[in-house]
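A short write-up of the structure that comes next.
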There are 2 protein chains.
Amino acid sequence: MSDERKRTAQRPRRVTAQTVAEAAGVSRSAVSRAFTPGAYLDAGKRKKIHEIAASMGYQPNALAAGLKDGRSHLVAVFVGNMRSAYDTEFVMVLVGRLNALNKWPILIDGGDGSTKQAIQQVLRYPLDALILRGGSMQNELVTQSSKIGIPMISSGRIVEAKGVDNVCCRNAKGTRLAAEVLVDAGRRRFGYIGGPEQFSSSADRRQGVVDVLTHAGLPLIAEATGEFTVEAGFRAATTLLQENTLDALVCANDATAIGALTAARELGVAVPGALSIVGFDDIDMARWPTFDLSTVCNPIYETVERVIWLLERRLANPAKPSETILIDPYFVPRGTH
Amino acid sequence: MSDERKRTAQRPRRVTAQTVAEAAGVSRSAVSRAFTPGAYLDAGKRKKIHEIAASMGYQPNALAAGLKDGRSHLVAVFVGNMRSAYDTEFVMVLVGRLNALNKWPILIDGGDGSTKQAIQQVLRYPLDALILRGGSMQNELVTQSSKIGIPMISSGRIVEAKGVDNVCCRNAKGTRLAAEVLVDAGRRRFGYIGGPEQFSSSADRRQGVVDVLTHAGLPLIAEATGEFTVEAGFRAATTLLQENTLDALVCANDATAIGALTAARELGVAVPGALSIVGFDDIDMARWPTFDLSTVCNPIYETVERVIWLLERRLANPAKPSETILIDPYFVPRGTH
DNA sequence: ACAGAGTGTGCACACGTGGGCACATACGGG
DNA sequence: CCCGTATGTGCCCACGTGTGCACACTCTGT
């Protein structure tokens, strides 16, 4: 009576292997084996169990299985900034790949204020791995994850810690390629719009420009700090172009460059006639006819592929030394240079 | 020896409550209680256990806890099309809200070919809920989830099934509002660019336009089927504008409208001088100065809030009857009408 | 001194599964 | 008829936790 009341008040209990076993007149083990590919079981019986299971809507409980063998098949994906187009595209590709591998991505928004607590909570699951995409996760959390023994793979920011693998773009090389193209084309008066200072990627990309300019004996005439967003790029470019005469503008990413392009158009500066603008990342939008942005491709598929590769290697051998894989970007000539 | 070998070959075992208990000289139950807010435990002992746990990096295993009480705190989020800007923005907001509630979103890409198998697999977890965003999940899978007893909440597409709650925009009302504004402004020669036919939202939005035109005694001069993307919108608008003289173009979503806007500019059609273009959704990009798109806002925060609300109600009472909540869109006047 | 109330803690069970181990059955050869 | 092998299957333990229940201990009032 009390039991019955509880049954109906609570959710209906999930169908369990025991129930299926009783319905099929076999032992619970047989049901378990029926769902285990390599297991030893009479073919007819296996088929019968599958039929009954299907009719009852039974599937083995992945939680219980994970508890047993220590593999939850859950992977936390920490995204520094979900409002960034590049990170978003990146995550979409990553999610697709993980789904195909039967790994289940738990998304965590790093832009949120309560990120720290969120990570704390999600670390209570025996995650197969923690994948970091960009952003700046507090070191405290990195060391904690490391202590718990959850493998980490960072992309877009190199994390120097035991057991953390990295995949990162050669940022300086990317802007170097772009700057060289512009210098070769005769541009002389360079400006740079960077990202937030705490991102090493932003500093590296700036360095690439400076390298080329130094080598060519040219100054970096003006620079501004954007925030990797279209709006900030628009504002920064407006100021820069009003206060200086520039013929080349290198931007820390595509969003910034698109903002800058919009600003140039509003100010009546001809692109690419009087001014070259190049971005970084090669997001979808850069290809749109309205923008047709010359940029540096930061290859998403290749990067994701490497992340997955490192993940599988790490799972196969949890004790292996950390690795850092560097990805080569390349210049994508379009209509703004 | 064999044990030891296994220890080092496999991953290091996760710290367990038993280990902490031994280190603290208490029973395992005490450790469990130390991490259970309401539980009965001496304050000093609780503090000591917390300290030792922190030093060992112990956290209660959420998998085991979920197994015990039947609540995994995992929520699968099925996204119809991760390449759609609106769905992406929607998911980002949803993820943030779920994180804040200590619910962990497992993302599933509906655009992928192997979606069916992915859902099958993820249903093996005792999910707290399954949230659908747009797209068209096969009915087969809906009934299966329903049979297993996992609550479902659908947004962007109404699913008529037992135990499925819905949150949906009044699509026809949205385009009706927009079309009325255009008719009042004197537009007479209307075109419409829709989405894929299997989406009811697309048909509903078209109907809103037709309603207003019929009432005003105007014809729908031309229409085309886009695919909710910028590229398809560009192509569709190019054809439509070349073959017809239109002074108003209503688009099934903002991406399509942005493509249409770009096409109009390339064809030298003045917007909004000679042609009004309106979109639907009010994605971030619609606000950018380059586009400044007049559109119909399909409010993301409000929709997500309702989804969360339904989720909590459903969890509190799994047997409650299904509900459908309709969201009112509103016209956002900007520079393209 | 003793009863009773109040406070804190340990034991043991249940959650659902995978798989090792032992056992049962069948079968073929000598 | 007996032994050895091949083939299936069932029993039972472990995974890590939360919590009901019973028990131990302290304290107060008479």
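First the proteins, then the strands, lettered A, B, ... as listed; each starts at 1.
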Quiz item: B/Lys45 side chain N/O closer than 4.0 Å to the phosphate oxygens (OP1, OP2) of C/dT9?
Solution: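 Answer is yes, contact under 4.0 Å.
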Quiz item: Hey, is the side chain of A/Ser32 poking within less than 4.0 Å of OP1 or OP2 on C/dG18, counting only N and O atoms?
Solution: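 The answer is yes; a side-chain N or O of A/Ser32 sits under 4.0 Å from OP1 or OP2.
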Return the value, rounded to whole Å, for the distance between atom [atom1] of [X] and atom [atom2] of [N].
{"X": "A/Leu123", "N": "D/dG16", "atom1": "CG", "atom2": "P", "answer": "17 Å"}
{"X": "A/Tyr125", "N": "D/dC15", "atom1": "OH", "atom2": "P", "answer": "22 Å"}
{"X": "B/Arg14", "N": "D/dT17", "atom1": "CZ", "atom2": "P", "answer": "8 Å"}
{"X": "A/Leu67", "N": "C/dG16", "atom1": "CG", "atom2": "P", "answer": "12 Å"}
{"X": "B/Lys68", "N": "C/dC13", "atom1": "NZ", "atom2": "C1'", "answer": "8 Å"}

Practice problem: Would you mind telling me which residue lines up with the more 5' stretch of DNA chain C, B/Val26 or B/Arg124, judged by nearest nucleotide? | Solution: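 Going by which nucleotide is closer to the 5' end, it is B/Val26.
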Exercise. Please evaluate the base of D/dG8 for a donor-acceptor partner in the side chain of A/Arg46 within a cut-off of under 3.5 Å?
Key: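 Absent.
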Quiz item: Is A/Arg313 paired with A/Asp165 through a side-chain N to carboxylate O contact shorter than 4.0 Å?
Solution: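 No, A/Asp165 and A/Arg313 are not salt-bridged.
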Quiz item: If we ignore angles and hydrogens, is there a donor and acceptor under 3.5 Å between the side chains of A/Gln59 and B/Gln121?
Solution: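 Result is no, nothing qualifies.
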Exercise. Name the residue closer to the 5' end of DNA chain D, choosing between B/Ser29 and B/Ala64 according to the nucleotide with the nearest heavy atom.
Key: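 Result of the comparison: B/Ala64.
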